Amino acid sequence: MTPQQRLLEAAIGCGALRFGQFTLKSGRISPYFFNAGHFASGASLSALAAAYADTLIEAGASVDMLFGPAYKGIPLVAALSQALYLQHGMDLPYAYNRKESKDHGEGGLLVGAALHGRVWIVDDVISAGTSVRESVELIRAGGAEPAGVLLALDRQERGLGSRSATQEVIASLGVPVLAVARLDDLLGFAASEPELQQHAAALQAYRAEYGVVD
């Protein structure tokens, strides 16, 4: 099973990927909705982490540590770090940020390993790119190099302008973006699965109206 199939099957199974009519922050009416917060069990989170790990390994990414933006990125980065070790023998440190700086105990905004080397940011999707931009600033301020962003799903749709949110992040921050699955993968998956074929036309129409060419 490919990482894309593993992700999409797990997402549908746990309710992280749903079909219908959903109003996005942009005001667009989307025929599908992806919420990584529903990977809320050991089985579903393990499947997601395995898909992340395989994608990072298959891409041959140069990585020294991982970073998870608060809040959703925190369990994602921890699960990925464990999956890389258990499945690929790669022992990578990870860190994440708090939303607000702590003024007692160890203090500060960051938790986990000290930032160093080439750091990959782990997130679920990119919408406005706010969490990614904040992560890049934190990593650079810590003296490390933001080396890339690893997403669960790339919606492949226009962001603020004519480019996708992913393309905007690449252009503005100068870091590559990897995604386990993209909308194109979801379109192919929906067309091949009998129980999802009823949603294929709506997905194609949405892609035609809001999609971008990578």
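Atoms considered below: every heavy atom in the structure, side chains included; atoms not considered: hydrogens, waters and symmetry mates. Everything quoted here is computed from the prediction, not taken from an experiment.
Under the side chain to side chain donor-acceptor pair (under 3.5 Å) criterion, the residue pairs touching residues 77-94 are D54-H88, with sequence neighbours excluded.
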**Message:** As a quick check of understanding, evaluate side chain to side chain contact (heavy atoms under 4.5 Å, CB included) for L186 and L17, giving each step before the final call.
**Reply:** CA-CA 10 Å; L186 177 55; L17 177 60; 3.8 Å; yes
**Verdict with reasoning, L115 to F67, per side chain to side chain contact (heavy atoms under 4.5 Å, CB included)** = CA-CA 9 Å; L115 295 172; F67 185 86; 4.1 Å; yes
**Asked** Can you list the steps and then say if K72 with N35 is a side chain to side chain contact (heavy atoms under 4.5 Å, CB included)?
**Response** CA-CA 10 Å; K72 283 185 181 177; N35 180 2; 2.7 Å; yes
**Request:** Apply the test side chain to side chain donor-acceptor pair (under 3.5 Å) to residues R182 and T166: give CA-CA distance (whole Å), side-chain angles for both, the deciding distance (0.1 Å), then the verdict.
**Result:** CA-CA 11 Å; R182 307 188 304 166; T166 299; over 6 Å; no
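At distances below 3.5 Å, at least one donor-acceptor pair connects side-chain atoms of R207 with backbone N or O atoms of V212. Between the side chain of Q197 and the backbone N or O of A191, at least one donor-acceptor pair lies under 3.5 Å. Although no hydrogens or angles enter the test, the distance criterion places a donor-acceptor pair under 3.5 Å between the side chain of S41 and the main chain of S44.
In this structure, CE in M65 is found 9.0 Å from CG in L92, a value given to the nearest 0.5 Å. Taking CG from L80 and CH2 from W120, the interatomic distance works out to 11.0 Å, rounded to the nearest 0.5 Å. Rounding to the nearest 0.5 angstrom, the gap separating the OH atom in Y206 from the CG atom in L187 is 12.0 Å. Between atom CG of residue D185 and atom CD of residue Q5 there is a gap of 9.5 Å, rounded to the nearest 0.5 Å. Atom CG of D124 is separated from atom CG of L151 by 8.0 Å, given to the nearest 0.5 angstrom. Rounded to the nearest 0.5 angstrom, E137 CD and N97 CG are separated by 11.5 Å.
Considering only heavy atoms from C-beta on, S164 stays 4.5 Å or farther from Q156 through its side chain. The side-chain heavy atoms of I12 and F189, taken from C-beta on, include a pair separated by under 4.5 Å. Looking at T55 and L7, their side chains never come closer than 4.5 Å, going by heavy atoms from C-beta outward. Looking at heavy atoms from C-beta onward, F33 lies in side-chain contact with L24 at the 4.5 angstrom threshold. I139 has its side chain within reach of I121: a pair of non-hydrogen atoms, C-beta onward, lies under 4.5 Å apart. Contact of the L84 side chain with the L56 side chain is registered, since non-hydrogen atoms from C-beta on lie closer than 4.5 Å. Taking 4.5 Å as the limit, every side-chain heavy atom of Y52 sits out of range of all side-chain heavy atoms of L66. No side-chain heavy atom of R155 sits under 4.5 Å from any side-chain heavy atom of L183.
Across every non-hydrogen atom of L203 and P31, the tightest pair is CD2-CG, 3.9 Å. The two residues A147 and R118 have their closest heavy-atom pair at CB-CB, 3.7 Å. Contact detail for A144 and G117: the closest heavy-atom pair is CB-O, 3.6 Å. For the residue pair Y32 and F19, the shortest heavy atom distance occurs at CB-CD2, 4.0 Å. The minimum heavy-atom distance linking S192 with P194 is given by the pair O-CD, 3.6 Å. Nearest heavy atom pair, residue A79 against residue A49, reads O-CB, 3.5 Å.
Residue P146 forms a side chain to side chain contact (heavy atoms under 4.5 Å, CB included) with just one option from L173, V136, L138, and that option is V136.
One hydrophobic cluster, built from ILVMFWY side chains closer than 4.5 Å, holds both M90 and L48.
A salt bridge links E157 to R28: at least one charged side-chain nitrogen sits closer than 4.0 Å to a carboxylate oxygen.
Atom CD of Q21 has 12 or fewer heavy atoms from other residues, nucleotides or ligands within 6.0 Å.
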